[in-house]
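Heads up: numbering here begins at 1 and tracks the sequence. Atoms within each ligand, like the ligands themselves, are counted from 1 in listed order.
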Amino acid sequence: MANPFKFGSVVSEDFFTDREKEFENAKNVLASRNHLVLISPRRYGKTSLINKVTSSLSRPVIYMDLQLATDVSDLATQLLKKFLSINKWESVKHFLANFRIVPTLELNPQTGGMEVSFAPSASNKLAPLEDVLNLIEKTDKKGNRPIVVLDEFQDIVYLDKNLPKQLRAIIQHHKNVNYIFLGSLESMMKAIFESKKSPFYHFGYLMALDKIPYSDFFDYLKNRFDKITNRSETISKEILELTEQHPYYTQQLAFYCFSFLEKERYKKDILPLVIKDIITIHSTDYERLWNTIRKTDKKILISLAMQGKLPTASFPQSTIYSGLARLIAHGYVVKGKNYEFDDPFFKNWIIMKRS
Ligand SMILES: Nc1ncnc2c1ncn2[C@@H]1O[C@H](COP(=O)(O)OP(=O)(O)OP(=O)(O)O)[C@@H](O)[C@H]1O
Ligand SMILES: [Mg+2]
């Protein structure tokens with residue numbers, strides 16, 4: 001039997017649950033002339049949701065993960081390559097001839113695809129990106145408006161610190177394209193879209209993605225565990241108790257529990273066994289990570305893991321809050337109702353090491 005749980009990459013179809021409201025909301029924004037900004041903590045399902053929304057529309061979609069671009073010219077190159085893959089060459093070639101820096105196109109015999117490159121220009125580094133984005137805006141086919149998805153948008157500042165301002169200057173004139181900006185909460189996303197000083201301040205419809213509601217996730221788990229055990233209710237409850245409905249960690253834990261049940265029957269202490277296995281798989285990562293954390297921040301993590309609260313004794317408040325800010329920026333801690341671990345297995349790794 002194929003394992004019905006999936007973690008780590010984009011999920012769709014049978015692996016995707018809930019998000020109906022968010023799906024409709026995003027679709028409505030895209031039907032309008034507005035841009036969409038989607039923010040959540042890491043691994044809550046931003047990319048999966050947007051992938052589902054854009055696949056449901058028969059509009060041209062150009063998806064770009066900014067983490068994979070090395071500089072501004074490379075961003076232009078990759079966007080153009082994606083644009084060419086969904087457009088007929090005959091209908092766009094005259095536009096390319098008018099680019100300020102005319103791109104070179106070559107057939108890659110290995111992939112069969114087209115390789116694109118721009119000759120470097122010291123005097124106008126922005127021209128290729130500007131020309132590519134304007135080209136996407138211009139080739140709106142009979143009202144079938146293009147969608148440009150910029151994933152991991154917070155990384156824009158690493159391409160060039162002036163790029164946010166320059167990019168806004170280009171796309172604020174676009175009337176046809178809907179832009180979707182995705183990024184994680186811990187990162188610079190809030191600063192980019194919520195800070196009054198930022199060029200992208202209030203630039204689009206801001207949507208926050210939360211965890212998956214309990215009852216939906218419970219049904220999703222239970223239906224799938226039904227195939228392998230008659231204790232599906234108990235195990236689904238136990239999983240959600242540990243992961244608190246975090247989309248990624250829930251799927252991860254469910255995956256390992258399912259694998260376990262393929263080999264053995266349900267027993268009372270199945271969860272600690274599976275958690276131990278997951279921790280063992282990741283222990284070198286956790287050790288490496290632990291060694292990069294400052295002493296005061298380690299104390300905060302230990303207190304959160306062991307007592308479920310912030311340390312009280314011997315710490316000035318200001319030290320604790322600056323530590324928390326760092327831990328949040330790294331994505332180790334998230335602020336929900338309380339401060340909590342992002343990764344329940346990292347938390348359990350600390351507990352295991354200290355017990
Ligand atoms: N709607 C969903 N239903 C069930 N599981 C989901 C859903 N959305 C996300 N997940 C789980 O979370 C994982 C991460 O999803 P995804 O990569 O879409 O999140 P993300 O927010 O884009 O992550 P990142 O911050 O790394 O970019 C998926 O592999 C899957 O296990
Ligand atoms: Mg993503």
query = Which atoms of ligand 1 are found less than 4.0 Å from any heavy atom of P247?
reply = 9 (C), 10 (N), 11 (C), 12 (O)
query = Which part of V11 is near ligand 1, with near meaning a heavy atom under 4.0 Å away: side chain, backbone, both or neither?
reply = side chain
query = Between R145 and K175, is there a donor-acceptor pair closer than 3.5 Å when you use the side chain of the first and the backbone of the second?
reply = no
ask   = Same hydrophobic cluster for I351 and L289, using side-chain heavy-atom links shorter than 4.5 Å among ILVMFWY?
value = yes
message = Below 3.5 Å, N or O to N or O, backbone or side chain included: is there any such pair between R43 and ligand 1?
response = yes
key: Residue pairs involving residues 11-63 (criterion ring pair (Phe, Tyr, Trp, His ring centres under 6.0 Å); sequence neighbours excluded)   = H35-Y179, H35-F203, Y44-H246
query = When you measure from atom 18 (O) of ligand 1 to every protein heavy atom, which one gives the shortest distance, and what is it?
reply = S48 OG, 2.6 Å
ask   = Between Y332 and D297, do the side chains contain an N or O donor and an N or O acceptor separated by less than 3.5 Å?
value = no
ask   = Charged N to carboxylate O below 4.0 Å: is that the case for E152 and R42?
value = yes
query = Counting heavy atoms only, which part of S184 comes closer than 4.0 Å to ligand 1: side chain, backbone, both or neither?
reply = neither
ask   = For the Mg ion (ligand 2), how many protein N, O or S atoms come closer than 2.8 Å?
value = 1
remark   = closest protein heavy atom to atom 31 (O) of ligand 1 is K6 O, 2.6 Å
task = Tell me, yes or no, whether the heavy-atom count around Y214 atom OH, taken from other residues, nucleotides or ligands under 6.0 Å, exceeds 12.
result = yes
task = Compare K211, Q251, E152, Q252 and give the one whose heavy atom is closest to atom 5 (N) of ligand 1.
result = Q251
query = For atom 1 (N) of ligand 1, which protein heavy atom lies nearest, and how many Å away is it?
reply = T17 O, 2.9 Å
note = For atom 22 (O) of ligand 1, the closest protein heavy atom turns out to be T47 OG1, 2.8 Å
Geometric N/O contact G45 with ligand 1, under 3.5 angstrom = yes
inquiry  = Between S236 and K222, is the side-chain hydrogen bond (donor to acceptor under 3.5 Å, both in side chains) condition met? List the steps.
reply    = CA-CA 6 Å; S236 304; K222 186 181 168 301; over 6 Å; no
query = Out of F15, Y248, Y44, whose heavy atom is nearest to atom 13 (C) of ligand 1?
reply = Y248
message = With a 4.0 Å cut-off on N to O distance, would you call R231 and E238 a salt bridge?
response = no
inquiry  = Quick one about N291 and E287 (side-chain donor to acceptor, distance below 3.5 Å, no hydrogens or angles considered), yes or no?
reply    = no
message = Please report whether ligand 1 has a polar contact with G8, defined as an N or O pair separated by less than 3.5 Å (distance criterion only).
response = yes
task = Considering the heavy atoms of F7, write down every atom of ligand 1 situated less than 4.0 Å from one of them.
result = 29 (O), 31 (O)
task = Using the six-membered ring wherever Trp is involved, compare the ring planes of F345 and Y249 and label them parallel, tilted or perpendicular (cut-offs 30° and 60°).
result = perpendicular
query = When you check the gap from the basic side-chain N to the acidic O, do K81 and E115 get nearer than 4.0 Å?
reply = yes
Test applied, ring-ring contact (aromatic ring centres under 6.0 Å, His included); reference residue, F225; option that passes from F260, Y266, F5 = F5
task = Measure the acute angle between the ring planes of F193 and F153, then classify it against the limits of 30° and 60° as parallel, tilted or perpendicular.
result = tilted
ask   = Quick one: does D18 get a heavy atom under 4.0 Å from ligand 1?
value = no
request  = Work out whether the distance between some heavy atom of I212 and some atom of ligand 1 is less than 4.0 Å.
outcome  = yes
remark   = If you scan protein heavy atoms around atom 29 (O) of ligand 1, the nearest is S9 O, 2.6 Å
ask   = Can a salt bridge be assigned to the pair E244 and K347 using a cut-off of 4.0 Å between side-chain N and carboxylate O?
value = no
Residues K93 and E90 bridged, charged N to O under 4.0 Å = yes
ask   = Does K46 reach ligand 1 with a nitrogen or oxygen that is under 3.5 Å from one of the ligand's nitrogen or oxygen atoms?
value = yes
For R19, the ligand 1 atoms whose distance to one of its heavy atoms is below 4.0 Å = 1 (N)
request  = Return the residue, atom name and 0.1 Å-rounded distance of the protein heavy atom closest to atom 26 (O) of ligand 1.
outcome  = R42 NH2, 3.2 Å
